[in-house]
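One structure below.
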Amino acid sequence: MSHFSQIKTQIRNLKSLQSALTDLGIDWKSGPTEVRGYRGQTSTAEVVIEQNNGYDLGFAWNGNEYELVADLQFWQQASSVDRFINMVTQRYAFQTVVNETAKQGFQVTEQQKNKDGSVRLVVQRWNA
């Protein structure tokens, strides 16, 4: 019986996910590679975050989105699972907006983090 939990996300772009993790200062490995779990069980993920306790967490593509895969009994991150997902999702959204607006010729001219944790971006495009 697998001890791995799969937690759905709204994350669909691998590059933005990887950039979000880097922004948050989280060391990750690019996959596909194995996520280590209870009693030597493994699961394959496209992004793997190793933990000091020998159990990993990862983001695996399920055909629609990248879901968080981990044995939650051995969760060893600085924040709870929900808080971790919220932080990654917020940075993912930020990266997605920056990347998509850049494709359309926009540049970020102002970035402000609000007291409530939200981020305000101002993007601008110069027409020639």
* Intermediate values then yes/no, side-chain contact (heavy atoms from CB on, under 4.5 Å), L68 and V81 -> CA-CA 10 Å; L68 179 65; V81 176; 4.2 Å; yes
Check whether any side-chain N or O of [X] sits under 3.5 Å from a backbone N or O of [Y] as a donor-acceptor pair, and report yes or no.
X    : Y    : answer
N114 : D116 : no
R12  : N64  : yes
D56  : R36  : yes
Y55  : L72  : no
Q41  : H3   : yes
Q76  : Q51  : no

Pairing residues for [X] by the ring-ring contact (aromatic ring centres under 6.0 Å, His included) criterion, not counting sequence neighbours:
X    : answer
W28  : none
Y66  : W61
F106 : none

Give me the atom names and distance for the closest heavy-atom approach of [X] to [Y].
X   : Y   : value
F4  : D71 : CD2-N, 4.0 Å
S79 : M87 : OG-CE, 3.7 Å
T9  : E65 : O-OE1, 2.5 Å

Same hydrophobic cluster for [X] and [Y], using side-chain heavy-atom links shorter than 4.5 Å among ILVMFWY?
X   : Y   : value
I7  : V35 : no
I85 : I49 : yes
V48 : Y92 : no
I26 : V47 : yes
L17 : V69 : no

* Polar contact flag, side-chain donor to acceptor under 3.5 angstrom, E34-T44 -> yes
Side chains of [X] and [Y]: does their closest heavy-atom pair fall under 4.5 Å?
X    : Y    : value
E46  : S30  : no
D27  : E50  : no
Q6   : N62  : no
T109 : V123 : no
E110 : L121 : no
L57  : Q77  : yes

* Can you list every side-chain hydrogen bond (donor to acceptor under 3.5 Å, both in side chains) pair that touches residues 97-106, not counting sequence neighbours? ->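 Qualifying pairs, neighbours excluded: S16-N99, E100-K103.
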* Using a cut-off of 6.0 Å, state whether more than 12 heavy atoms not belonging to N53 lie near its atom CG. => yes
* To do: Give a yes or no on whether Q107 atom CD has more than 12 heavy-atom contacts from other residues, nucleotides or ligands under 6.0 Å away.
  =>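 No, because the 6.0 Å sphere around CD of Q107 holds 12 heavy atoms or fewer from other groups.
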* To do: List the steps and the verdict of side-chain contact (heavy atoms from CB on, under 4.5 Å) for Q90 and V119.
  => CA-CA 9 Å; Q90 183 186 39; V119 176; 4.0 Å; yes
* With sequence neighbours excluded, what pairs up with R83 under the salt bridge (Lys or Arg N to Asp or Glu O under 4.0 Å) test? -> none
* Taking only residues two or more places apart in sequence or in another chain, which ones pass salt bridge (Lys or Arg N to Asp or Glu O under 4.0 Å) with K113? ->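 By the salt bridge (Lys or Arg N to Asp or Glu O under 4.0 Å) rule, K113 matches no residue at all.
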* To do: Would you sort out whether W75 and F84 count as a ring-ring contact (aromatic ring centres under 6.0 Å, His included), showing the intermediate values?
  => CA-CA 11 Å; W75 184 264; F84 177 83; 5.3 Å; yes
* **Separation of T96 OG1 from K15 NZ (nearest 0.5 Å)** => 9.5 Å
